[in-house]
Amino acid sequence: MTSEPLRAPRPATGSITSQFGRNAPPYLDGLNEEQRDAVLTTEGPLLVLAGAGTGKTRVLTTRIAHIMRTNLARGSEILSVTFTNKAAREMKERVGSLVGAGVEGMPWLGTFHSISARLLRRHAELVGLKADFTILDTDDQVRLIKQLLEADNIDEKRWPARQFAGMLDNWKNRGQLPKDVSPADAAGFANGMGQKLYQQYQDRLKMLNAADFGDLLLECIRLFREQPGVLAEYHRRFHYLLVDEYQDSNVAQYLWLRLLAQGRPAPEANLCVVGDDDQSIYGWRGAEVDNILRFEKDFPGAKVIRLERNYRSTSNILAAASHLIAHNESRLGKTLQTDVGEEGEKVAVTSVWDSEEEARTIGEEIEQYQRQGDKLNSIAILVRASFQMREFEERFITLGLNYRVIGGPRFYERREIRDALAYLRIVSQQADDLAFERIVNTPKRGLGDTTIKTLYDTARLQRIPLFAATRLLIETEELKPKQRSTLKALVMQFDDWSERARTIPQAELAEQILDESGYTAMWQNDKAPDSPGRLENLKELVRSMEEFDTLGGFLEHISLVMDRDTGADSDAVSIMTLHAAKGLEFNTVFLPGLEEGLFPHQRALDEGGRAGLEEERRLAYVGLTRARKRLRLSLAQNRRIHGLWQSAIPSRFLDELPAAVVEVKDTGSSYGGYTYGGRAGGRFDLRDPFESGYETPGWQRAKAQQGSRKGGGPVTIDGDLVARSTDDGRGSAYAPGQRVFHLKFGYGTIATLEGNKLTIDFEKAGRKKVLDSFVQKG
DNA sequence: CAACATCTACTTTTT
DNA sequence: GTAGATGTTG
């Protein structure tokens with residue numbers, strides 16, 4: 001292990017201003033004391049606890065600029081890790097504008113995954129890969145697993161490939177190789193086949209010269225551990241390490257970082273991590289808040305700086321957010337203080353009849369704000385789950401209101417894009433079996449299962465890639481003449497394209513490939529309504545290729561940087577999930593769907609228990625703190641989930657807001673007198689604000705409903721969201737032909753029933769599926 | 001082998 | 001309500 005001498009003495013804490021006297025460099029202007037401290041404390045381990053809206057990114061970027069400006073290190077000697085591509089891009093831009101240099105000056109600024117990929121390509125052969133290895137995404141992963149399951153005669157119905165992919169992910173997030181997986185863990189899949197499958201999967205990846213997302217980190221860790229010389233090289237290279245959103249790091253990322261920070265003894269590591277434990281919202285995917293909570297133990301002598309001055313929100317908004325998050329028990333604890341100096345509007349809570357009315361109301365409000373001169377760009381709708389977006393999109397289309405969905409179904413995940421990429425991947429790497437398999441019969445070439453199976457058998461027998469096997473087979477009589485000539489033509493086409501790849505720009509090549517393969521024609525002839533859109537996407541794909549120098553570079557970009565530019569040029573309302581909203585801010589924020597079961601999400605509660613609830617609460621906190629001036633929450637009394645209408649009870653998070661800053665509204669269209677604000681004398685019950693979330697009125701009621709409900713009893717609209725899978729459906733009180741009444745659809749007759757799900761022909765609304773708990777005998 | 005029809009399971013969040 | 005997977009037919 002190499003260890004360099006310290007470059008500069010650590011500045012004493014009290015001397016921030018004295019360090020520069022009155023000649024502080026201009027980039028420090030406008031930073032408050034703590035922020036400056038964080039920028040100037042370059043040496044030794046540093047933990048910056050940065051609350052929402054306290055200028056975290058500014059500190060990080062200024063810090064990098066400071067290190068470079070004062071010649072402590074060059075851009076190429078600073079490793080800065082972010083969690084998302086968006087954050088990496090933003091940091092590059094901001095550092096660039098501070099230093100006045102191009103982005104190229106910071107080759108090691110990127111996400112964990114992109115930096116890992118870069119490292120691995122340099123040393124691929126040391127971990128059993130070639131430098132041009134393919135990066136698999138979830139879809140490839142699942143298909144590969146399916147093949148393994150089939151080969152091992154494991155029933156895919158009983159043991160879904162998706163589930164195993166999830167387990168793989170978990171193991172890899174925890175930094176576990178096949179040998180490290182605990183038997184108990186692995187036993188949970190396919191009668192104890194888990195570990196063996198994991199090993200088989202890894203072997204197969206190596207055969208395919210491929211790595212999945214988890215491998216990027218895992219193989220890096222292995223590389224560092226097994227090749228001390230390589231690790232030492234990076235110890236020498238990186239003089240400063242910075243990590244953004246540290247609260248989102250998982251075990252593998254932690255190990256990765258630890259290894260890189262080991263260049264010096266822990267108390268001297270120049271490692272700066274920035275994060276906010278209250279904004280840890282990726283626990284479900286392996287993030288360990290513990291990493292940030294434990295930092296001072298990991299790096300003894302670490303300095304801790306708290307950024308608590310909020311420059312974003314009005315005091316009302318901040319009060320709501322702080323009060324809410326105070327209900328969490330496991331947190332380091334910070335007290336945000338507003339620096340905006342404005343009380344602002346109260347936080348509005350609106351209760352509406354259903355999600356349709358919710359969309360309508362919000363649409364109207366936005367139009368009103370627009371008339372008042374607000375920019376649509378300054379307005380966002382943040383949802384818990386992406387299915388909520390649809391209703392808003394539909395409504396906004398009819399209103400002619402400009403909107404933009406951020407994060408939505410990812411561009412690269414679209415079928416046409418994946419197909420097109422598969423062609424390119426084969427051109428780039430003929431051994432890419434997963435790509436070959438994907439497009440060998442797309443567009444339809446008259447190749448069926450039997451032909452594919454022959455290819456497969458040959459490939460397996462000879463231990464060669466599918467493409468190579470095909471090459472062999474077309475020289476034999478094993479295939480029927482028709483298939484043989486088809487495949488022969490295909491192989492020749494690919495050879496031709498590979499040849500051309502050397503001479504013509506890849507964007508042009510892609511266009512030719514799509515045309516010559518008949519792929520474009522396939523969609524042109526498809527009369528499905530979305531075909532034109534797909535063709536448009538293909539065009540966009542080709543267009544986006546123009547920015548890259550090589551095909552390989554483009555493919556790397558696609559697999560790691562999945563989001564495309566979100567065209568922020570036009571004025572539009574942003575619609576996104578709460579997860580996608582982290583790090584953003586808007587003047588006006590709408591938070592719809594504050595209902596038990598949706599937010600907090602039922603699944604988080606079921607699977608995560610108390611920790612799950614606390615993470616949901618942090619998610620709510622993230623949502624609330626996105627707002628600068630105006631925060632508008634809403635809840636629907638009825639919502640359709642899985643095509644079934646369910647009535648909802650208000651989210652417990654609403655009970656956790658301080659009454660003084662909240663204004664309850666009602667659209668007046670509720671049925672039967674039940675409204676959110678209508679109970680408890682026009683205000684929601686507010687008990688001791690620091691009591692456990694489990695004891696709030698909403699939760700109490702939800703619990704009271706559980707199990708107490710019997711089929712056929714009088715239906716109180718007050719909540720049967722909890723009538724979910726736990727309902728054993730014992731003895732429904734209904735039978736086909738029976739006349740019933742439903743609050744939303746009116747009178748109808750039961751057509752069929754299945755457990756507690758009824759199919760009812762309503763007199764006015766037509767045939768609908770509903771839960772039995774929402775109708776009463778009519 | 002492909003097209004069609006039917007059925008089913010699914011909907012949290014993503015590098 | 002949907003997209004995918006499966007099954008059945010020509």
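All chains are named by letter (A, B, ...) in the order of the sequence lines, taking the proteins before the strands, and each is independently numbered beginning at 1. None of these values were measured; they are calculated from a predicted model.
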Ring-base stacking, A/His579 with B/dT12 (5.5 Å, 30° cut-offs): no
5'-most by nearest nucleotide on DNA chain B - A/Arg162 or A/His113: A/Arg162
Rounded distance (Å) that lies between atom C1' of B/dT12 and atom CD of A/Glu615: 11 Å
Whether A/His557 and A/Phe548 hold their rings parallel, tilted or perpendicular, with breakpoints at 30° and 60°: tilted
Given B/dT12, B/dT15, B/dT14, the nucleotide with the shortest approach to the side chain of A/Glu616: B/dT12
d(CH2, A/Trp284; P, B/dT11) in whole Å: 13 Å
Any A/Thr82 side-chain nitrogen or oxygen under 4.0 Å from OP1 or OP2 of B/dT15: no
A/Phe387 side chain, from C-beta outward: closest of B/dT11, B/dT14, B/dT15: B/dT11
Value in whole Å for how far the C1' atom of B/dT14 lies from CG of A/Leu217: 14 Å
Residue-phosphate contact under 4.0 Å: A/Arg603 side-chain N/O, B/dT12 OP1/OP2: yes
Qualifying salt bridge (charged side-chain N to carboxylate O under 4.0 Å, His left out) pairs with a residue from residues 246-260 of chain A, counting only residues at least two apart or across chains: A/Asp248-A/Lys582, A/Arg258-A/Asp298
Between A/Thr451 and A/Thr454: side-chain donor-acceptor atoms closer than 3.5 Å: no
Polar side-chain atom of A/Arg626 near backbone of A/Val622 as donor-acceptor pair, under 3.5 Å: yes
Per-nucleotide protein contact string for nucleotides 1-10 of chain C, where B marks a base within reach and S marks sugar-phosphate only (heavy atoms under 4.0 Å, - for neither): BS--S-----
Backbone of A/Ala88 reached by a side-chain donor or acceptor of A/Asn85 within 3.5 Å: no
Distance-only side-chain donor-acceptor flag, A/Gln279 / A/Tyr621, under 3.5 Å: no
Can you check nucleotides 1-8 of chain B for protein contacts, nitrogen or oxygen pairs under 3.5 Å, and list what you find?
from	atom 1	to	atom 2	distance (Å)
B/dC1	OP1	A/Gly448	N	2.8
B/dC1	OP1	A/Thr451	OG1	3.1
B/dC1	OP2	A/Asp449	N	3.4
B/dC1	OP2	A/Thr450	N	3.3
B/dC1	OP2	A/Thr450	OG1	2.3
B/dA2	OP1	A/Gly446	N	3.1

Touch class at under 4.0 angstrom, heavy-atom based, for A/Phe112 against every strand present: nothing
Donor-acceptor pair, side chain of A/Asn638 and main chain of A/Trp353, under 3.5 angstrom: yes
Partner of A/Asp139 under salt bridge (Lys or Arg N to Asp or Glu O under 4.0 Å), chosen from A/Arg418, A/Arg162, A/Lys146: A/Arg418
Parallel, tilted or perpendicular, as decided by the 30° and 60° cut-offs, for the rings of A/Trp284 and A/Tyr282: tilted
